[in-house]
Protein chains: 4
Amino acid sequence: MDHVTFVPTVDQLAYTFGGAAPVMRIKPGTALTLWTEDAYGGRITSAADVATTALDTEDLNPQTGPFWIEGAQPGDTLAVHLVDLTPARTWGASTLIPFFGGLTSVPASPTLQDPLPERTYVYDYDAGTETLGFSALASDFQLRLPSNPMLGTVGVAPARREVRTSLVPDYFGGNMDSPEMAAGATCYLRVNVDGALFSLGDGHYRQGEGESCGTAVEGAMHVTAIVDLVKGGGPAWPRIENDTHLMCIGSGRPLEEAWRAGQVEMIGWLGELYGLDRLDAYQLLTQISEVPIANVVDTNYSAVTKVDKRLLPNASAFGGIHDEMRRAARSLGSISY
Amino acid sequence: MDHVTFVPTVDQLAYTFGGAAPVMRIKPGTALTLWTEDAYGGRITSAADVATTALDTEDLNPQTGPFWIEGAQPGDTLAVHLVDLTPARTWGASTLIPFFGGLTSVPASPTLQDPLPERTYVYDYDAGTETLGFSALASDFQLRLPSNPMLGTVGVAPARREVRTSLVPDYFGGNMDSPEMAAGATCYLRVNVDGALFSLGDGHYRQGEGESCGTAVEGAMHVTAIVDLVKGGGPAWPRIENDTHLMCIGSGRPLEEAWRAGQVEMIGWLGELYGLDRLDAYQLLTQISEVPIANVVDTNYSAVTKVDKRLLPNASAFGGIHDEMRRAARSLGSISY
Amino acid sequence: MDHVTFVPTVDQLAYTFGGAAPVMRIKPGTALTLWTEDAYGGRITSAADVATTALDTEDLNPQTGPFWIEGAQPGDTLAVHLVDLTPARTWGASTLIPFFGGLTSVPASPTLQDPLPERTYVYDYDAGTETLGFSALASDFQLRLPSNPMLGTVGVAPARREVRTSLVPDYFGGNMDSPEMAAGATCYLRVNVDGALFSLGDGHYRQGEGESCGTAVEGAMHVTAIVDLVKGGGPAWPRIENDTHLMCIGSGRPLEEAWRAGQVEMIGWLGELYGLDRLDAYQLLTQISEVPIANVVDTNYSAVTKVDKRLLPNASAFGGIHDEMRRAARSLGSISY
Amino acid sequence: MDHVTFVPTVDQLAYTFGGAAPVMRIKPGTALTLWTEDAYGGRITSAADVATTALDTEDLNPQTGPFWIEGAQPGDTLAVHLVDLTPARTWGASTLIPFFGGLTSVPASPTLQDPLPERTYVYDYDAGTETLGFSALASDFQLRLPSNPMLGTVGVAPARREVRTSLVPDYFGGNMDSPEMAAGATCYLRVNVDGALFSLGDGHYRQGEGESCGTAVEGAMHVTAIVDLVKGGGPAWPRIENDTHLMCIGSGRPLEEAWRAGQVEMIGWLGELYGLDRLDAYQLLTQISEVPIANVVDTNYSAVTKVDKRLLPNASAFGGIHDEMRRAARSLGSISY
């Protein structure tokens, strides 16, 4: 298995899905060891760095990539298996950004109210205990929380000649902000353009479901992933498989539309795996669906539809590629950065 | 502790929150052993009973109650601890009802498309293994699923002189359809009228998050609950506490509004418990919130905001009444019906 | 034609649709001369009366009625023709109420932002010129605007045993807040309970489409209306006919669902009038629909679908009752209060 | 005044805002006489051409342009005055496209229902009477309707490096589908990239508000427009001015968010014109706002907020450029193609 390492320079960062020149061409089945900058572009380094003075709003959520996958053609399925996510700094930061987040008015749905005050919370990260330190800023309260590294953003170039900001998730993946995008997960994305033009970024050391205030504990991340290709079979919406669950992620607005997209995608998947007619799959899903919300803060919201494989008969999705990639991941041995 | 048993006759069933005469007056701290009819009013008994011919659409989702709680006044907090939920039949049923459910157009948001075909799925319930049998109707597929008894509907009379159908959840509880409403949970509801006028029903032997097709595995249920009263402190939206989690349930439409209501309720609760200022609580919730969707099928949708107590310092909600009720529940000994 | 006058005492005001005892029984074809209190219950009388100190939030939007219409049965069509609306005071008032309105967060969709400041604007009403005087409160700006008297709220008792606040519009009419509900309009409502239990109120001396801040120029109103009954044919959603237009009003949330309800209702109506199949009516409506928004501020939003009768062949809706009522209205001669 | 004519070849058509090379560089103050292909790319020519067989879904809604406006820089205001719109064919067509439109489920919010049947309605256009002939396809019904030529799509390149399909409206204009975009209207758009990269297309011979089924009477159009530039002052959302009204168009989903964006934009505009503080402008808008819906069918919905200039004191928007362009339009004399 090819194993290549890529650490982007600042100039190599991408801010869109589509539109950026590939940083590298790789063969299907390649392992990648990458570094991703945080969603702030590294501009927040202390509690004194608040959004309106520190951030460059034109250059948010930088991505590492895109990678041109050899042989990838529209309609194919890109499989990205996350082998390891390791925080690359000893701290992460979450910010309250004016008119951004789930519990404030936003430019897409403005009110006449004043913005919330801006604040930056810096969490120290302790690699030994794998915990994060939360300190309240206007109350006397401290807490250590287990870290839960994940990637907010994984995606490919969109169709119809579009170039889309890395801030807004959609059918091509992107900024879905789901805690399910963690080590051990395989993400399946439909290829929309030749070469797929895959990239990833937006490391979160921890995030709750919904990403309420709009920013997780954001931090630079070491990422090891294996990228492979299944010819054909590209799903309408991103799918994720891990050892215990099958998942589909819909994105849109209002939130119920994101949910509907993920549900119908899962009904299709259950049909593929078990030969279930659509109404039978609808019925079964009604009783077994788990729906952890991903984000309610980006311009499109994201909702996960999740089913526990352990409730279902054995079946091989996409030719059993998840299990293959798990084995390949183990063959990489222990990862260090 | 008083312990009273009540099995309603058909004529005693209630179909609204508010507007129905109390079936009984009870003192705070009373244990109730109840029976609830299924959401179909018992009119579905086989796969041949489909919605349009079997159901009485004026009399859906019958409730057991209401109970007048002595001393309950507007602004108080009613605490309902579910001690035990046991399926009262050897089968439950889930139906595809024309123009009802999450993946069809509905009267509140009509399209010109034809309805989906109607179908009734009967699940046998095996009390020994606590499993349910699913048989596909148009595919060759059978599966046994663990049962997970819960109540779709728990609520009190609304404010502002209203009488509301038992089908639509809102700030007064009602048809929230959350799998979290299971044995071991304590539900806190704001009292809106003298006596609270509490009722419950809509037993589900199992339900996925979202209740996709609109009906869970619906079945008559034996219910044992303890009902108590906390003076004052009534929450704006229903809250649930169990041994591991604190939860708030918002209901509304679109789904993000239900989510917002539950999130702001939880921020208030975290403030009450830990003295956190609102923005600090917002920040903390961002990193620890779990958001399992409850229903996306009723006229109001419901979303749960959930936090794991084990991540947080010890704190006593509502004076520690959940722990008290857990002890009281154990004092009831083994429940049989 | 019977012509009765009714001016409610404060104790006779109703705050719900359904649930209130009828103030009077009338025969179909009766003319009513009524007086309606303003939506504030008369508690705002100067710019110093702001919402949080002056209003009784349990008793908002009082209605005159309900009237029991003899012979009205579920499924029938109540026809309410507004003959005349005349402001009953020399001033009206519009208020900015904390956490209420279209450009602020609201309890149903809360944010953590502070409320907007509250303010009360008093408009003088000049009956001679039929104009209203607007004076800005924080800017140097005055303007006279033509008055446009209308009723925010017209409705009947709901179905399914419900009692619903007069604040929230739905299929039974209620607080739709459409400027189309003006003199010359005939409103058609489906009867849901015996006697229909019709009431009206919420006079607006003028209102823009959407009722942006949540309150129009609210004022007590003299109302003359003729109430008649068509057996059967009750529409799913309120319909309005005037000399130039046919209209359907859907209410719900999000706003597109209100729009869909009104559109499908109009497609049905065009089918009834012209024998159009549903897709042909859909096509025609696509090219001729007018969609003035009614309200985006109540718990349900309302959208009007409107077609210009002058674009269409002659047709008689509900047996031509609008023209009959117009003639009957003229027979009342000049109205004075 | 420069006056240039441009008729694109098929290869010169653009399908995105941003991303396409400019077809021409023009100076501010240039008159353009253009031809636009219909939204089907000219592929529908008879009732037998239905969507699934005739359309190329990758190449919908072709635009004429983009034009590079000399001197245009981010933050400037592009002013596009529509002098004349004349149907370029003797017929237009409206199609029912599977899973597209306002009264069907759509891919962004899927259900499990079957699609509506597809149909194509061809309207003959009579230039003498300026009328369109509607013939029902499954009913016996014909009607002539006045034509009302308008452009569905007018826009500039978006910000943040994006390239966006011509199908989805947003802050940069695009496929807003408002009947207000007719001859006599001046559209103001914020410039986001050097040169503005302005284009237009999607001629409608007539469209109702909402564009219910998703397609107006679509047809090739002769367009004469004057394009000018105001330095600075770029609005957040598209604005339109004609001789009688000021308008702002918000786009988004759900529909109330589009409405909010347009309302807040108008409040800002009223503040600019009259020195009104924001709450005073909110109050005034509440009483004078007109809200004709534009589209409820594209991936973003569009809502117009409209105020009648005749209710307000005289004021000059953007330095009075609308009146200047009206005069310049008259100087062009009678337009023929």
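Everything numeric here is computed off the predicted structure, so don't read it as measured data. In what follows, chains carry the letters A, B, and so on, assigned in the order in which the sequence lines appear, proteins first and then strands, with residues in each chain numbered from 1.
In this structure, the portion of B:R119 lying under 4.5 Å from any heavy atom of chain A is its side chain and not its backbone. Both the backbone and the side chain of B:P117 come within less than 4.5 Å of a heavy atom in chain A. In this structure, chain B has a heavy atom under 4.5 Å from the side chain of A:I267, while its backbone stays farther away.
The backbone N or O of B:L103 lies less than 3.5 Å from a partner atom in the side chain of A:Y282, making a donor-acceptor pair. Panel note: side chain A:D280, backbone B:A138; a donor-acceptor pair is recorded below 3.5 Å. In this structure a side-chain-to-backbone donor-acceptor pair under 3.5 Å is missing from B:Y301 to A:E256.
Chain A forms the most heavy-atom pairs under 4.5 Å with one residue out of B:Y205, B:Y121, B:F134, and that residue is B:Y121. Of the listed residues (B:N148, B:L279, B:L137, B:V217), the greatest number of heavy-atom pairs within a distance under 4.5 Å of chain A belongs to B:L279. In terms of heavy-atom pairs under 4.5 Å with chain A, the best-connected choice from B:L116, B:L96, B:T95, B:T305 is B:L96. Interface check for chain B: of the options A:S212, A:G275, A:S135, A:S139, the most heavy-atom pairs under 4.5 Å are formed by A:S212. Contact count versus chain A (heavy atoms, under 4.5 Å) is highest, among B:G214, B:G101, B:G102, for B:G102.
Taking 4.5 Å as the limit, some side-chain heavy atom of A:L311 sits within range of a side-chain heavy atom of B:P146. Using a 4.5 Å heavy-atom threshold, the side chains of B:L145 and A:L284 count as touching. Looking at B:Q283 and A:Y123, their side chains come closer than 4.5 Å, going by heavy atoms from C-beta outward. Residues A:T215 and B:T286 are not in side-chain contact: their nearest non-hydrogen atoms beyond the backbone lie 4.5 Å or more apart. Looking only at side-chain heavy atoms (C-beta outward), B:L143 and A:P313 come within less than 4.5 Å of each other. Side-chain contact check for A:I288 versus B:R206: some heavy-atom pair is nearer than 4.5 Å.
Atom CD of residue B:E211 and atom CD of residue A:Q287 lie 8.0 Å apart, to the nearest 0.5 angstrom. Note: B:L276 CG to A:D140 CG = 10.0 Å, rounded to the nearest 0.5 Å.
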